[in-house]
Each structure stands twice: as C-alpha cells, then as structure tokens.
Amino acid sequence: MICKLYIETSIKWSRPGDGVVGIAIAVDDHDAKTIYGFVKNCSEAKAVIIAITRALDYCSRYTEIELNISCDFVGHALINGWLEKWEKELYLGADKKVIKHAKEWHELFLKLRGKSLKIHLNEFNGYRNYLNSECLRRMAKHERILQSVDGCEK
C-alpha cells in the first residue's frame, strides 16, 4: 500500500516566522485525513521538514511514500540525495559548518530509512490549493485571536 502525503504551509519565505502547516494523508486513494499545526519562528523549509517528519509518524507501517510538496529547497534536497550526503558527512556543509536545521534533517533521515520515496514537487493536485488556502485562513484567524488578546492586555 502507498501512503500519499500532501504538505503545504502559510510560510513562503526563508526567514523565520510563525505560520500554519497543513498535512493531508491518503492511503490507497481513500479519503485523506488532514492535520494542521502551528509553528513558531520557522522558515518555510524547516516547517516543511518538521511536517514531513510528523506525517511519517502517521504512516510508519507503510514502506511506499509519495510526497507532494511545493517547497523547492526541501524537494531538491530529497530528490538529489542531499539528505544521504549530509548524513554521511555528519551534517556539515561544504564550508565545514553544520547545515541549517541539521537536527530536523536528521530526524527526517531516520524516519525515511527503509522507505521508498517518490517526490512530486510543485505539481498540481486537488489537495494543494485546499491545504494552502486553509493554512492561510487558519493563520489569519490565529493572528486575529492574538491581536484581540494583545488588545485586552493593554
């Protein structure tokens, strides 16, 4: 059986910020289960790495994973085998400094061990627009709640 993961986030930049991450998990084309989470002080890449790692907890018994993401950096890292290279080199970059998000990359590496991974990067699918708009909606709602709480404290 194949577990399909669809991951989107309201964070669309490389500098850290707060946002919402949406995950849809579908097994053998059955109805997907959707999960949302709030992340603080994360870049888009870090949020997506964390989301993939958490999503893999839900489909740990499946060996075939199809991953649908729109984060170019994470997609290219997985497609081009950078993760395995970083693991071999103890997460040191070409400059011999520890790469960004090394801890999160290592957790993802451990979760992917023994799994067959097929990656769809920036491909249109029915979940992509839904997850993206839902993440943005939830983030806007969260910001309104925070603003109202901030207003009460003043």
Open item on the list: So does V20 get a backbone contact from the side chain of S10, meaning a donor-acceptor N/O pair under 3.5 Å?
Closed with: yes
- [ ] Identify the two heavy atoms, one from A47 and one from V39, that lie closest to each other, and give their separation to 0.1 Å.
- [x] CB-CG2, 4.1 Å
TODO: Determine whether L136 and V48 fall in the same hydrophobic cluster, where Ile, Leu, Val, Met, Phe, Trp and Tyr are linked whenever their side-chain heavy atoms lie under 4.5 Å apart.
DONE: no
Open item on the list: More than 12 heavy atoms of other residues, nucleotides or ligands under 6.0 Å from OH of Y58: yes or no?
Closed with: no
- [ ] Starting at NE2 of H106, measure out to CD of E87 and round the result to the nearest 0.5 Å.
- [x] 5.5 Å
Task: Nearest-0.5 Å distance that lies between atom OG in S14 and atom CZ in F73 - done: 10.5 Å
Open item on the list: Tell me whether K103 is salt-bridged to E107, with the criterion being a basic N under 4.0 Å from an acidic carboxylate O.
Closed with: yes
- [ ] Measure the spacing between NZ of K100 and OG of S43 and express it to the nearest 0.5 Å.
- [x] 6.5 Å
Task: Side-chain ion pair, E104 and K46, N-O less than 4.0 Å - done: yes
TODO: Find out if a path of hydrophobic residues (ILVMFWY) with successive side-chain heavy-atom gaps under 4.5 Å connects L110 to I52.
DONE: yes
Task: salt_bridge(K88, E84) N-O dist < 4.0 Å - done: no
Task: Gap between atom CG of D18 and atom CE of M139 - 0.5 Å precision - done: 5.5 Å
Task: Of L78, V74, D72, the residue whose pairing with H76 passes side-chain contact (heavy atoms from CB on, under 4.5 Å) - done: D72
- [ ] Working to the nearest 0.5 Å, report the span between CD1 of I65 and SG of C59.
- [x] 4.0 Å
Task: Polar side chain donor-acceptor pair, E134 to Y130, under 3.5 angstrom - done: no
TODO: Grab the two heavy atoms, one from G17 and one from I11, that are nearest each other, plus how far apart they are.
DONE: O-CD1, 3.8 Å
Task: Which atom of S70 lies closest to which atom of E44, heavy atoms considered - done: O-OE2, 4.5 Å
Open item on the list: Quick check: is L90 connected to L108 through a chain of hydrophobic side chains (ILVMFWY, heavy atoms under 4.5 Å apart)?
Closed with: no
Open item on the list: On a heavy-atom basis, which atom in T34 and which in A24 lie closest, and how many Å separate them?
Closed with: CG2-CB, 4.0 Å
Task: Distance in Å, L5 CG paired with R54 CZ, rounded so as to fall on 0.5 Å steps - done: 13.5 Å
Open item on the list: Are V21 and I50 linked, directly or through intermediate hydrophobic residues, by side-chain heavy-atom contacts shorter than 4.5 Å (ILVMFWY only)?
Closed with: no
Open item on the list: When you group the ILVMFWY residues by side-chain heavy-atom contacts below 4.5 Å and let the links chain together, are L83 and V98 in the same group?
Closed with: no
